[in-house]
Trainee: 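Starting off with a structure, shown below.
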Protein chains: 2
Amino acid sequence: MSSVTNNAAVEHPVRERMPAAERRELILGHASEVFGRRGYAGTTTEQIAQAAGISQPYVVRMFGTKEKLFVEVIERALGKLTVAFREVLRLHSTGEIPSNELGARLGQAYVDLIEDRGILMSLMQGFIQGHDPVIGERARAGFLEIYRLLRDEANFPADEVRSFLADGMLINTLLAIGLPDNFEGDEAATELMTLSFGAKLDTVLCAATDRPADRAQANLP
Amino acid sequence: MSSVTNNAAVEHPVRERMPAAERRELILGHASEVFGRRGYAGTTTEQIAQAAGISQPYVVRMFGTKEKLFVEVIERALGKLTVAFREVLRLHSTGEIPSNELGARLGQAYVDLIEDRGILMSLMQGFIQGHDPVIGERARAGFLEIYRLLRDEANFPADEVRSFLADGMLINTLLAIGLPDNFEGDEAATELMTLSFGAKLDTVLCAATDRPADRAQANLP
DNA sequence: GCCTCTGGTTATTGATTGATTACTAAGCAG
DNA sequence: CTGCTTAGTAATCAATCAATAACCAGAGGC
């Protein structure tokens with residue numbers, strides 16, 4: 001780090017000021033990941049700050065409270081999920097997806113979301129926090145939103161929607177227990193993951209091995 | 001103890017010393033409920049102590065650490081779940097349950113466990129804590145244990161087991177978001193719960209209305 | 001060339017909270 | 001009764017954490 005020349009101004013091309021909206025989205029992304037892994041109560045605003053590369057008070061000041069930040073995180077996750085579903089529905093309405101494939105394509109859209117671990121996991125952490133008066137309220141509303149979208153907009157029979165959601169919750173649980181990262185060749189685990197993740201299995205296992213940005217805790221000597 | 005005239009001594013007929021093993025199980029029961037509702041990180045040992053009617057240090061001393069207590073809680077839940085399943089399998093092996101009913105009866109056994117909210121919810125909280133090195137390890141092992149039990153002892157095809165587990169995870173999620181307690185007549189919620197809980201629906205809704213021992217937080221003005 | 005938003009930081013604090021220590025009392029054995 | 005083991009409590013501590021306060025700098029407008 002000892003620059004021979006005295007030109008200090010050229011030393012930080014990465015360190016820049018950032019417009020608030022952009023910083024906000026950046027924080028939400030990292031918060032999604034950390035909340036998704038450690039849960040609401042198990043996550044500190046400091047951990048999120050470190051992941052986002054800023055100071056802890058700034059995180060708090062930008063979102064008011066930790067709880068408001070969490071609500072925004074699950075709202076964002078819910079948004080991305082519905083956008084993904086509605087995109088499939090749009091392709092269906094334009095005839096690009098035949099009706100007999102619609103279910104499979106919606107399932108595919110869900111599984112595709114696995115790649116951003118934070119979305120599915122933070123959403124699941126929101127569900128599990130259902131006892132909380134404010135988070136729980138949002139979680140229930142969100143879950144029913146998805147249910148209605150699949151039933152009323154995709155026109156699926158109620159029990160098919162239920163089954164679809166069940167498969168989703170299993171996927172979430174398998175990700176939550178970290179099976180793709182820790183199955184170590186176990187035969188039963190491999191079988192269950194093959195059946196659950198389908199064609200996306202290799203992607204899931206690949207995303208597991210290259211650790212997703214764990215640089216946050218690489219600095220406590 | 002035979003002094004009837006002493007009015008102070010007669011004041012606590014309920015307050016008795018309890019053998020450690022019995023107290024231990026009592027704590028585990030209450031811990032199961034509180035952990036199940038608020039999660040691992042979101043639960044304080046003080047809350048568990050209050051629920052169990054003892055002092056906080058005693059909870060810690062009996063189990064060593066909060067983490068060890070949590071592991072015992074999910075171990076206990078896992079135990080009760082496997083006991084319930086194996087009882088169905090026993091009835092099947094003695095011919096009291098025909099093979100074509102086995103799946104339904106196992107499902108029934110699972111749904112029956114809803115009555116003790118703590119079991120399913122604390123287990124789910126264990127799953128969601130999968131990132132934790134010690135809790136996660138136990139959660140993964142427990143999940144695969146159940147998978148193998150259904151596949152190898154109940155002799156179900158792998159994909160039926162997957163589907164069975166998926167239904168279970170949906171039930172857990174619906175309970176976690178507290179839908180039975182807060183659906184308020186919502187049409188979609190009612191439909192989804194009817195499909196998910198089946199014949200057990202009224203029991204679920206009934207267990208929801210009579211609040212399960214919420215006296216713990218009746219003191220924060 | 002100054003002024004003033006906007007995007008940040010460092011320092012600090014009050015409340016929790018898991019854990020420890022030291023103490024007390026019940027109850028059984030002899 | 002005496003004494004030891006077992007069941008429990010009260011007091012306290014050291015860390016952690018969300019939140020607040022106070023301050024600072026870069027960059028554009030004028």
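The analysis underlying the following values was restricted to heavy atoms, covering all of them including side chains, and did not include hydrogens, waters or symmetry mates. Naming: A, B, ... by sequence-line order, numbering from 1 per chain.
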Trainee: Strictly by side-chain hydrogen bond (donor to acceptor under 3.5 Å, both in side chains), give each pair with a member in residues 76-88 of chain A just once, sequence neighbours left out.
Mentor: Glu25(A)-Arg76(A), Arg86(A)-Glu153(A), Glu87(A)-Arg90(A)

Trainee: Can you name the nearest heavy-atom pair linking Leu113(B) to Ala84(B), along with the distance?
Mentor: CD1-CB, 4.5 Å

Trainee: Give the rounded distance in Å between these two atoms: CD of Gln50(A) and P of dC17(D).
Mentor: 11 Å

Trainee: For Phe35(B) and dG18(C), what is the distance between atoms CZ and P respectively, to the nearest whole Å?
Mentor: 9 Å

Trainee: If the condition is side-chain contact (heavy atoms from CB on, under 4.5 Å), which residues does Ala109(A) pass it with, not counting sequence neighbours?
Mentor: Phe85(A), Val88(A)

Trainee: Without decimals, in angstroms, what is the distance between Glu46(B) CD and dT16(C) P?
Mentor: 12 Å

Trainee: Please list each protein N or O that sits under 3.5 Å from an N or O in nucleotides 28-30 of chain D, with the distance.
Mentor:
none

Trainee: Considering residues at least two apart in sequence or located in another chain, which fulfil the salt bridge (Lys or Arg N to Asp or Glu O under 4.0 Å) criterion with Asp152(B)?
Mentor: none

Trainee: By side-chain hydrogen bond (donor to acceptor under 3.5 Å, both in side chains), which residues pair with Asp167(B), not counting sequence neighbours?
Mentor: Arg162(A)

Trainee: For the pair made of CD1 in Ile54(B) and C1' in dA10(D), what is the distance, rounded to whole Å?
Mentor: 15 Å

Trainee: Would you kindly give the CD1-to-P distance between Ile27(B) and dA7(D), to the nearest whole Å?
Mentor: 11 Å

Trainee: Heavy atoms from C-beta onward define the side chain here; which of dG8(D), dC17(D), dT9(D) lies closest to that of Ser55(B)?
Mentor: dT9(D)

Trainee: Over how many whole Å does the gap from Ile48(B) atom CD1 to dA19(C) atom P extend?
Mentor: 11 Å

Trainee: Going by salt bridge (Lys or Arg N to Asp or Glu O under 4.0 Å), name the pairs with one or both residues in residues 43-66 of chain A, residues two or more places apart or in two chains.
Mentor: none

Trainee: Please name all residues satisfying side-chain hydrogen bond (donor to acceptor under 3.5 Å, both in side chains) with Tyr110(B), sequence neighbours left out, ordered by chain then number.
Mentor: Asn172(B)

Trainee: Produce the list of close N/O pairs, under 3.5 Å, pairing protein atoms with atoms of nucleotides 3-5 of chain C; give distances to one decimal.
Mentor:
none

Trainee: So does Asp132(B) pair up with Arg37(A), basic N to acidic O under 4.0 Å?
Mentor: no

Trainee: Ignoring backbone atoms, test whether Arg23(A) places a side-chain nitrogen or oxygen under 4.0 Å from the OP1 or OP2 oxygen of dG8(C).
Mentor: yes

Trainee: Please report the distance, rounded to the nearest Å, between CD in Gln47(A) and C1' in dC17(D).
Mentor: 10 Å

Trainee: Check side-chain hydrogen bond (donor to acceptor under 3.5 Å, both in side chains) between Arg151(A) and all other residues, then give those that pass, not counting sequence neighbours.
Mentor: Glu187(B), Glu191(B)

Trainee: Looking only at side-chain N and O atoms, does Thr45(A) come under 4.0 Å of OP1 or OP2 in dC17(D)?
Mentor: no

Trainee: State which residues pass side-chain contact (heavy atoms from CB on, under 4.5 Å) with Glu137(B); sequence neighbours excluded, sorted by chain then number.
Mentor: Arg140(B)

Trainee: In chain order, what residues pass the side-chain hydrogen bond (donor to acceptor under 3.5 Å, both in side chains) check against Glu145(B), with sequence neighbours excluded?
Mentor: none

Trainee: Counting only heavy atoms and a strict 4.0 angstrom limit, can you tell me which residues of residues 56-69 of chain A come near DNA chain C?
Mentor: Pro57(A), Tyr58(A), Arg61(A)

